[in-house]
Amino acid sequence: MAITLKTLLNYKATQEKFSVLTAYDAAFTTIMNHVGIDAIMIGDSLGMVIQGHNTTVPVTISQMTYHVECVSRANEHALLIADLPFMSYATPKQALRNAAKLMQSGAHIIKVEGGEWLTSTIKKLSKCGIPVCAHIGLTPQSVNKLGGYFVQGKTPQDFDRLLNDAKLLEKAGANLLVVECVPSALGKVISDTLSIPTIGIGAGPDTDGQVLVSYDILGLSPGKPAKFVKNFMDNTSSIKNAIKAYHQAVKSKQFPGSEHGYHS
Ligand code: KIV
């Protein structure tokens, strides 16, 4: 059965965890469908893992629509969340135009990175019938402003600001919220406070769903992996089995463990 936003809300109500992975092509999408991954994120992380850039900043809307089409053609039942890339949603009008492109390419929900400044954009998209996944904490499109890929929400002021952003984004009409690279305690309080499902990446075990970059769980990304990454190829030589192990580990609350989280 197709996974929808309603399914994720039911998961939250019944405290069933849901699994999310990134995919950028048809082959991975097919495997993820067979394994039962709940939602697929066509992330602008493709700028780093596929295109070889140091950041997600160079990714364009036409590149995103191409990859959304590749995933969508193969997808049978996962919920498809697609990133609006850097500077494609600087104003509500621009966001609407580009979100329409992603939706018409096959996305079910679009994702935008940022806090309070996004409330008018989210209101506009929501009013026009476009579901929105907001993304706070470590927002990779702002890496040049943040000064690197660091844990966010560590000081009491930042903790409170991110919690407040989460509330404002939900109030503006966001349907989902990605929380990236924050102390586990913040992941928990945001997930407990909001009615919409949260998706954590380096935000501890208490978010409603978990997402990782698929290339990271397969040990394909160069360099030292982030603390929140687990290589699921460690005990298998099959990509399908590794993706299945990730799915089962999330559903059974075995992943992430305390060792994958940040503790202030
Ligand atoms: O771009 C991406 O793939 C993402 C997720 C990893 C959260 O934003």
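When a ligand or atom number is given, it counts from 1 through the structure's own listing order.
Of all atoms in ligand 1, listed by their number and element, those nearer than 4.0 Å to a heavy atom of V213 are 6 (C). Each of the atoms 6 (C) of ligand 1 lies under 4.0 Å from some heavy atom of I201. Heavy-atom contacts of H135 reach the following atoms of ligand 1: 7 (C), 8 (O) (cutoff under 4.0 Å). Close contacts of ligand 1 with D44, meaning ligand atoms under 4.0 Å from a residue heavy atom, involve 1 (O). Close contacts between ligand 1 and T22 involve ligand atoms 3 (O) [criterion: under 4.0 Å to a heavy atom]. Within the listing of ligand 1, atoms 1 (O), 2 (C), 3 (O) sit less than 4.0 angstrom from a heavy atom of G43.
Contacts classified as salt bridge (charged side-chain N to carboxylate O under 4.0 Å, His left out) and involving residues 188-216 (residues at least two apart or in different chains) are given here: K12-D208, K188-D192.
In terms of protein heavy atoms, atom 5 (C) of ligand 1 is closest to M41 SD, 3.5 Å. In this structure, atom 8 (O) of ligand 1 lies nearest to the protein heavy atom K111 NZ, 2.9 Å. Protein heavy atom closest to atom 3 (O) of ligand 1, with residue, atom name and distance, is S45 OG, 2.5 Å.
Under the side chain to side chain donor-acceptor pair (under 3.5 Å) criterion, H260 pairs with no residue at all, not counting sequence neighbours.
Listed for the E180 side chain is no donor-acceptor partner under 3.5 Å among the backbone atoms of Q152. Using modelled atom types, no side-chain atom of K111 and backbone atom of L84 make a donor-acceptor pair closer than 3.5 Å.
Each of I199, I196, L194, L169 was checked for a side chain to side chain contact (heavy atoms under 4.5 Å, CB included) with L176, and the lone residue meeting it is I199.
With values rounded to the nearest 0.5 angstrom, I81 atom CD1 is found 10.0 Å from I40 atom CD1. In this structure, the separation between OG on S195 and CG on N175 is 12.0 Å, given to the nearest 0.5 Å.
Looking at D83 against ligand 1, only its side chain comes within 4.0 Å, counting heavy atoms.
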